[in-house]
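Comments concern the structure below.
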Amino acid sequence: MNRTKKHMTKKNKNQDNINTYSMIYLLKRFSPYFARYKGVLILDLLCAMLTTSSDLILPLLVRKLTNTAMYDMASLTILLIVKVSTLYLVLRVIDVIANYYMANTGHIMGAHIETDMRRDLFSHLQDLSYSYYSNTKIGQLMSRITTDLFDVTEFAHHGPEEYFIGVIKIVVTFIILAQMNLSLTLIIFIVLPFLVWLSVIQQKNMRTAFKKSRSQLGEINAQVEDSLSGIRVVKSFAGENREEKKFEKGNSKFLDIKKETYKYMARFQSTVRLFDGINYIVVVAAGSIYMYYDKITAPEFMTYLLYISLLMASVRRLVEFTESFQRGMTGIERFVEVMDEPIDIHDKEGAITLGAEKEIKGEIHFDHVHFHYDDSDIDVLDNINLHIKSGEHVALVGPSGSGKTTICNLIPRFYDVTEGHITIDDTNIKDTTLHSLRSKIGVVQQDVYLFSGSVLDNIEYGRPGATRDEVIHAAKLAGADEFISELNDGYDTYVGERGVKLSGGQKQRISIARVFLKNPPILILDEATSALDNESEHIVQQSLEKLAVGRTTLTIAHRLTTIKNADTILVLTDNGIEEKGSHKELIANGGLYAKLYGLYTDRTSGVEIGD
């Protein structure tokens, strides 16, 4: 879905005043979620109409009794009183039943809509590319997918029925009062357009304030997530006071925004109360004058007062709902903002399943590949041509920023090439489905991520549905079975948030077991041992060597001694592929690789560089 600019109003470009969609566009985007439950919605609105019947008919019943008492006392019998009372009792019973449906099934409908929106939002987030997450705070996304959608339930349920009831009461009240006295009715209702106009102005301010509040709450969530995720760093640097000050700053800003929100709400409610009072003054004054000149009877005047009370109660109810309405619209707006983020990398129409017809060998070819990130026009990769044979082990070395990780990220299409194309077994990767492409590629990264759950769950993630025996076999191949078996609950041991209960080497071996279980023909090792101590590195390196057997392997090397046995070493610089060859060939050439290797071995042997 592409963001439609004509539906948006530009504001000052800062964190608090960001692009705002028109209300019509938001309601249009929200309406399909109502359409799924149109049967429930129609019945809910029917019940809403029934709940108004007793309120609308009561003044007429009162007028009937008072008129009879004043002008035909003999007709005011017990039977008449019983009939009127019975009619009102029946209306009240209907009101109770209808209200129960609204409160129960209507609320459940709202919860279903919230659930559907949350599911769609999470699904869309799964499809967004790396570049989106590089520029977005996870705490903000958490706020949008949880807190922002809570208010949608109340909006989805109460929105249609509150406005439906309000319109019915206002229209029916106008018709009844106009029949009693048209001129007095016009005097009273002429005030309402001014109230509506002021309401619209105040609601715009409230919506802006709610948007600021939601945005700042997202910032608080992001800050809390950042601080708690890095709690070990915080404590190791005695940074608790610093984190508290950062949090207090954001929390105080949130308080200021809430104050602004309540200021607009107070203005709005005060305006409504003012018009409420004006209406009563007009009714009492004008009605008294009309009675003085015999243009309205006392029972009609009493009925007038009852209907005006009903009318103003309806207006006050709509006013009270305005806060929920604006909160709901803000939640929808922040939902739509994410849903309108374009999916940069997706399956093309007619994409094929890689490996469906024949087994993938893992031959990779870069053909005149250029790449730059969206926020830059400078190529990270410039006219790269590279042929990796099936089963070949290729190592990538070079300074930071030379494009090593970028090359590896382009193969599973974490990013798409700017120009040129990449093929696997002569098939353009853009012509394949993302799922089939990525199912053929295993990635072992430096920063291992373990999900909250058991050891078994984390390894099984490599191939969902794998048996326990298959998981254990993969762990044995990765050299992880021994330490896993020594854990308190073995494979059922809870690893903690992000695997905090395990050492770096243990987490890395679990991640390798995960790839062993996946059993892909292509393997990418992204500096998989650079963060480990020497002992852990040796163990993990042995696991990686076993993992790489028979697979096309790309290794991003940080420790150059770990790639001596690679079939081909590519030395990358800002100029592209500077050198290419085996370890022995590159050392013999005495070029950049030989210099880098010499510097590395000098450092690791304790000899000062330059001696």
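The structure displayed is predicted, hence computed values, not measured ones.
- Applying the ring pair (Phe, Tyr, Trp, His ring centres under 6.0 Å) test to residues at least two apart or on different chains, the pairs with a partner in residues 395-415 are Tyr130-Phe414, Tyr130-Tyr415, Phe371-Tyr415, Tyr373-Tyr415.
- Side chains of Ser215 and Glu219: no donor on one and acceptor on the other come within 3.5 Å.
- Between the side chain of His346 and the main chain of Asp127, no donor-acceptor pair closer than 3.5 Å is present.
- The minimum heavy-atom distance linking Leu523 with Ala548 is given by the pair CD2-CA, 4.0 Å.
- Here the side chain of Lys507 pairs no donor or acceptor atom with the backbone of Leu450 at under 3.5 angstrom.
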Under 3.5 Å, which donor-acceptor pairs do the side chains of residues 479-486 form with other protein atoms, sequence neighbours left out?
from: Asp481; atom 1: OD1; to: Tyr491; atom 2: OH; distance (Å): 2.6
from: Ser485; atom 1: OG; to: Asp481; atom 2: O; distance (Å): 2.8

Glu392 and Thr568: CA distance, side-chain angles, deciding distance, side chain to side chain donor-acceptor pair (under 3.5 Å) verdict:
CA-CA 8 Å; Glu392 185 178 9; Thr568 304; 2.5 Å; yes
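- Note that CG of Leu554 is 8.0 Å distant from NE2 of His393, once rounded to the nearest 0.5 Å.
- Salt bridge annotation for Lys245-Glu248: absent, with no cationic side-chain nitrogen under 4.0 angstrom from a carboxylate oxygen.
- Taking the side chain as every heavy atom from C-beta outward, Lys584 and Ile587 never approach each other to under 4.5 Å.
- With no hydrogens or angles considered, a side-chain donor-acceptor pair links Gln508 and Ser511 at under 3.5 Å.
- Arg413 places a side-chain heavy atom less than 4.5 Å from the side chain of Lys430.
- Around OH of Tyr461, the count of heavy atoms belonging to other residues, nucleotides or ligands within 6.0 Å does not exceed 12.
- In this structure, the side chain of Ser436 engages the main chain of Leu354 through a donor-acceptor pair within 3.5 Å.
- Heavy-atom contacts from other residues, nucleotides or ligands closer than 6.0 Å to CG of Asn428 number more than 12.
- No salt bridge links Lys358 with Asp425; every basic N to acidic carboxylate O contact stays at or beyond 4.0 Å.
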Output, in order, the C-alpha distance, side-chain angles, deciding distance and verdict of side chain to side chain contact (heavy atoms under 4.5 Å, CB included) for Thr423 and Ile429.
CA-CA 6 Å; Thr423 62; Ile429 61 175; over 6 Å; no
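- Ser252 places no side-chain N or O within 3.5 Å of a backbone atom of Lys249 that could act as its donor or acceptor partner.
- Taking 4.5 Å as the limit, some side-chain heavy atom of Tyr597 sits within range of a side-chain heavy atom of Lys564.
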Would Tyr33 and His112 count as a side chain to side chain donor-acceptor pair (under 3.5 Å) here? Give the steps.
CA-CA 9 Å; Tyr33 290 96; His112 275 298; over 6 Å; no
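- Distance alone, capped at 3.5 Å, is enough to place a donor-acceptor pair between the Arg118 side chain and the Ile145 backbone.
- Rounding to the nearest 0.5 Å gives a distance of 11.0 Å between NE2 of His387 and CG of Asp367.
- You'll find the side chain of Tyr494 stays beyond 4.5 Å of the side chain of Asp489, heavy atoms only.
- Thr555 places no side-chain N or O within 3.5 Å of a backbone atom of Ala395 that could act as its donor or acceptor partner.
- Under the 6.0 Å cut-off for aromatic ring centres, Phe516 and His473 do not qualify, their centroids lying 6.0 Å or more apart.
- One N or O on the side chain of Arg438 and one on the backbone of Pro412 form a donor-acceptor pair closer than 3.5 Å.
- The main-chain N or O of Gly490 is found under 3.5 Å from a side-chain atom of Thr493 such that the two form a donor-acceptor pair.
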Applying side chain to side chain contact (heavy atoms under 4.5 Å, CB included) to Cys408 and Asp526, what does each step give before you reach the verdict?
CA-CA 8 Å; Cys408 292; Asp526 188 356; over 6 Å; no
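- Salt-bridge formation is detected for the pair Asp120/Arg36: a Lys NZ or Arg NE/NH1/NH2 atom is positioned less than 4.0 Å from an Asp or Glu carboxylate oxygen.
- Across all non-hydrogen atoms, the minimal contact from Arg551 to Asn519 is NH1-OD1, 2.9 Å.
- Under the 4.5 Å side-chain criterion, counting only non-hydrogen atoms from C-beta, Phe247 is not in contact with Glu243.
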